[in-house]
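Below is one structure, written out as structure tokens, with a few remarks after it.
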Amino acid sequence: MDYNFPVVRTTHPKARPEDETKLGFAKYFTDHMFAMDWDEGLGWHDGRVVPHEPLLIEPASCVLHYAQMMFEGMKAYRTQDGEIQIFRPDMNVKRMARTCERMCIPELPEDLLVAAVRAVIKEDIDWVPKAPGTALYIRPFIFGDEVSFSVLPAKHYRFLIILSPTGSYYAANDKGLHPTRIYVQDKYIRAAKGGTGYAKVGGNYGGGMRASQDAIKYNCKDVLWLDAQEHKYVEEIGTSNAFFKIDGEVITAPLDSGTILPGITRDSVIQLLKKWGVPVSERKLSIDEIEEASKNGKLEEIFASGTAAVISPIGTLCVQGEDYTVGDGNVGPLAQKLYDNIYGMQTGKVEDYMGWVYPLGLKA
Ligand SMILES: *Cc1c(COP(=O)(O)O)cnc(C)c1O
């Protein structure tokens, strides 16, 4: 479909962040946002680009009480020639549809997400940062805002897209990466079979904060979640998927339990490893097997994958107060190679030999 979204330009453009090397993650927001509404009988309507400003929301809106919402996370990158491109948006579209289905949120037309992302970035194109390691983070989200305390799907929804120029998710070395400490969580769980683990929803995060706050006490950046049933098998790390390299084999949790968020970076890592001939398995991996490998010197690398940090290497696992060093505690060569290739393709420095890059046809 040919969308033609009306634009209301801001009359109060913000000052740009001065130092692109100190953007942090989602600290600054651009001048505009995309907004659209859903009503019964009308469907999704009135897509538009408007100034980024606070929303008016009725306190009795159902999302504020029962959390019927979903979100996505993408990034736009600027190439050396000033071309603006995004990464595998077809995957975001599919995941968004699955999350909406799980949350009883009306699905968007398939081509709407990319059209809306393009429309809002077009207005804020000079906000796409240039410095190494930076990108424009894109946060599409939908919530039900019917005024109602009935525990029923809302009869009115809002779809918004906001944009934030961001740096690296974690403090990085000169090659873009820095190993972190991760706490293995054996008390709280993130997702159980039949739950919302595979859906990108706020409730999964609200319920996980107790655990991540506890991790900070052990000087850890994030949590490695174990399965809900046996507290035995590794699932994912905070806001990203987890990969373990043991004795030459790269292992990540399988998606069939429905408790793992199907990361687009995860899928990209698996495809690249297959292409490079590195053995990769989607299989159950117990924390005992990891401890064993660590004791035998076979725990070569652990890294997390996600849009925010791309690849983030784990240097130390903290299991019940005991520290397990991963490899030599530094950035692993496979993590570095994956980061260089994926971020390289995203920013146009490495040829897109997988056909993953999607130029928006916008030039800054
Ligand atoms: C978004 C997310 C990921 C990573 O997905 P990407 O598509 O690679 O960004 C992993 N785990 C959770 C819980 C997430 O919300």
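This is a predicted model, so every value here is computed, not measured. Throughout, residue positions are numbered sequentially from 1 according to the sequence presented. First listed ligand is number 1; within each ligand, the first listed atom is number 1.
- For the ligand labelled ligand 1, residue Ser240 lies inside the 4.0 Å heavy-atom shell.
- Taking the six-membered ring for Trp, Phe71 and Tyr205 have ring centres closer than 6.0 Å.
- Closest heavy-atom approach to atom 14 (C) of ligand 1 within the set Glu235, Arg266, Lys200: this belongs to Lys200.
- Remark: ligand 1 and Thr307 share an N or O pair separated by less than 3.5 Å (distance only, no angle test).
- Ligand-side atoms of ligand 1 in range of Gly263: 5 (O), 6 (P), 7 (O), 8 (O), range being under 4.0 angstrom from any heavy atom.
- Residue Arg190 touches ligand 1 through its side chain alone, judged by heavy-atom distances below 4.0 Å.
- The protein non-hydrogen atom at the shortest distance from atom 11 (N) of ligand 1 is Glu236 OE1, 2.6 Å.
- Between Pro129 and Ala135 the shortest heavy-atom distance is CG-O, 3.4 Å.
- One finds no salt bridge joining Glu235 and Arg190 here, because no Lys/Arg side-chain nitrogen approaches an Asp/Glu carboxylate oxygen to under 4.0 Å.
- The atoms of ligand 1 that sit less than 4.0 Å from any heavy atom of Arg95 are 5 (O), 6 (P), 7 (O).
- The atoms of ligand 1 that sit less than 4.0 Å from any heavy atom of Gly238 are 13 (C).
- The option with the heavy atom closest to atom 6 (P) of ligand 1, from among Ile264, Asp267, Asn241, is Ile264.
- Contact annotation: the side chain of Glu236 approaches that of Leu261 to within less than 4.5 Å [non-hydrogen atoms, C-beta and beyond].
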task = Check step by step if salt bridge (Lys or Arg N to Asp or Glu O under 4.0 Å) holds for Glu107 and Arg98.
result = CA-CA 9 Å; Glu107 234 178 85; Arg98 286 195 302 270; over 6 Å; no
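- Ring pair Phe34/Phe159: centre-to-centre distance below 6.0 Å.
- The closest non-hydrogen atom to atom 4 (C) of ligand 1, taken over Thr265, Val269, Thr239, comes from Thr239.
- For the residue pair Val269 and Ile311, the shortest heavy atom distance occurs at CG2-CD1, 3.7 Å.
- Considering backbone and side-chain N/O atoms, Tyr205 comes within less than 3.5 Å of an N/O atom of ligand 1.
- For an aromatic pair to be called close, the ring centres must be under 6.0 Å apart, and Tyr358 with Phe87 fails this.
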